[in-house]
Amino acid sequence: MSNTPPPSVEPGTELSRIARPLRLSEEVSGDLQRRIAAGEIKPGERLPTEKALGEAFGVSRAVVREAIARLKADGLIETRQGSGAYVVETPKTINLRLWQGAGPELVELRDIFELRAMVEGAVAELAAQRRDATDLRIMAEHLQAMDDALANGSDGTEADDNFHIAMARATRNSYVSRLVEFLGRHFSDSRKMSWRGTDSAQALPQEAQREHRALFEAISRGNAESARRCALDHLRGAAGRLGIQLAFDLDRKSLP
């Protein structure tokens, strides 16, 4: 690979960025990671020099060094004394950061909603079969917190996150619960978009809350199939309010 700096990234859609402050190094490492994933920078190739990268991104060499350190910690690159930084032939770790930089590209956001649909549909189904009175009480409390956020116009993302975590705990599977808590830190940003809306004002948290309540009622009744369906309907609705149509093959009833 030559030392030619990478071209600047043009935002592709109105969803190219979300309002979330990030360190400059995160933006740089995220852009480089996307280029590596897309094959623009191939395994074994050397990255441009710190000076070239700094000029390309309009940041200091210290920011570039921090970005390189992040990629190295993720196992995506390796540094060679006196030679520079290279993309590893085989990544040493699995990177589960769901997006990098200032915000998700549209295709990334669609993939995140698909992942949420697969995870949350199964979680809702199992929660409906295993929940007890305590689980339902805790979920109801988080639903009320979201109602309160709607009433006073505040951000209900935290209560939204807690509702889904409580649903995962109702599965009585500690690994499911831990997985949802781990992923929830990343899913939270896609939920936040529904609460804060977009520039086109398509996101309506009132609709999301109606979907949450339908999901809660299905779990309360112990209707596993209805709970799974409500979870998928909620994800389709949340994605649709952001201009994203999820594939119908996520629904097992649409499969042959």
Side-chain angles (χ1 to χ4, degrees), residues 1-119 179 182-190 192-193 239 242-247 249-250:
M1 177 176 178
S2 68
N3 288 341
T4 303
S8 60
V9 177
E10 294 294 333
T13 72
E14 65 179 348
L15 296 176
S16 294
R17 295 180 181 271
I18 59 175
R20 184 166 67 97
L22 287 178
R23 297 167 61 93
L24 287 174
S25 61
E26 291 178 315
E27 296 195 42
V28 172
S29 65
D31 184 276
L32 290 172
Q33 182 182 331
R34 283 192 292 270
R35 294 175 186 278
I36 291 170
E40 296 175 28
I41 309 175
K42 295 179 172 53
E45 290 192 12
R46 183 167 65 90
L47 295 182
T49 64
E50 286 183 1
K51 181 175 183 295
L53 287 171
E55 291 174 352
F57 289 109
V59 298
S60 68
R61 293 179 67 172
V63 169
V64 172
R65 281 194 293 273
E66 187 174 346
I68 296 299
R70 289 172 62 86
L71 294 174
K72 184 176 180 181
D74 287 338
L76 295 176
I77 69 167
E78 60 185 5
T79 54
R80 302 174 189 173
Q81 186 67 34
S83 180
Y86 292 78
V87 178
V88 299
E89 295 288 349
T90 304
K92 299 180 179 65
T93 62
I94 298 175
N95 186 357
L96 284 178
R97 291 190 185 125
L98 296 189
W99 67 62
Q100 301 284 317
E105 302 292 340
L106 184 60
V107 66
E108 291 178 284
L109 196 54
R110 180 180 293 109
D111 287 349
I112 288 167
F113 274 106
E114 281 203 355
L115 177 58
R116 282 187 60 186
M118 288 184 280
V119 172
L179 175 65
F182 169 75
L183 291 175
R185 295 196 298 271
H186 305 284
F187 288 169
S188 181
D189 283 316
S190 64
K192 188 175 296 183
M193 296 179 77
L242 295 171
I244 298 169
Q245 182 176 354
L246 295 185
D249 58 9
L250 288 171

#### Entry: Pairwise distance OG(S29) to CZ(F57) - rounded to 0.5 angstrom
9.5 Å
### Summary
Residue set satisfying salt bridge (charged side-chain N to carboxylate O under 4.0 Å, His left out) with E66, at least two apart, ordered chain then number -> R23
### Query
How long is the span from the CZ atom in R70 to the CG atom in L32, to the nearest 0.5 Å?
11.5 Å
### Task
Might you point out which heavy atoms bring L246 and A239 nearest each other, and give the distance in Å?
CG-CB, 3.9 Å
### Task
For residues I77 and V88, report the shortest heavy-atom separation together with the two atoms involved.
C-CG1, 3.6 Å
### Message
My understanding is that only residues two or more places apart in sequence, or in another chain, count here; which of them pass salt bridge (charged side-chain N to carboxylate O under 4.0 Å, His left out) with K51?
### Response
E55
### Task
List for me each residue that meets side-chain hydrogen bond (donor to acceptor under 3.5 Å, both in side chains) alongside T79, sequence neighbours excluded, and say none if there are none.
K72
#### Entry: Residues in side-chain contact (heavy atoms from CB on, under 4.5 Å) contact with A69, at least two apart in sequence or another chain
none
### Task
Enter the distance from S60:OG to L53:CG here, rounded to the nearest 0.5 Å.
12.0 Å
### Contacts of V87 that satisfy side-chain contact (heavy atoms from CB on, under 4.5 Å) - sequence neighbours left out
I36, I41, L47
### Task
Taking side-chain hydrogen bond (donor to acceptor under 3.5 Å, both in side chains) as the test, write out the residues that go with R65, two or more places apart.
E50
### Query
Nearest 0.5 Å, what's the CD-CD distance between E78 and E89?
8.0 Å
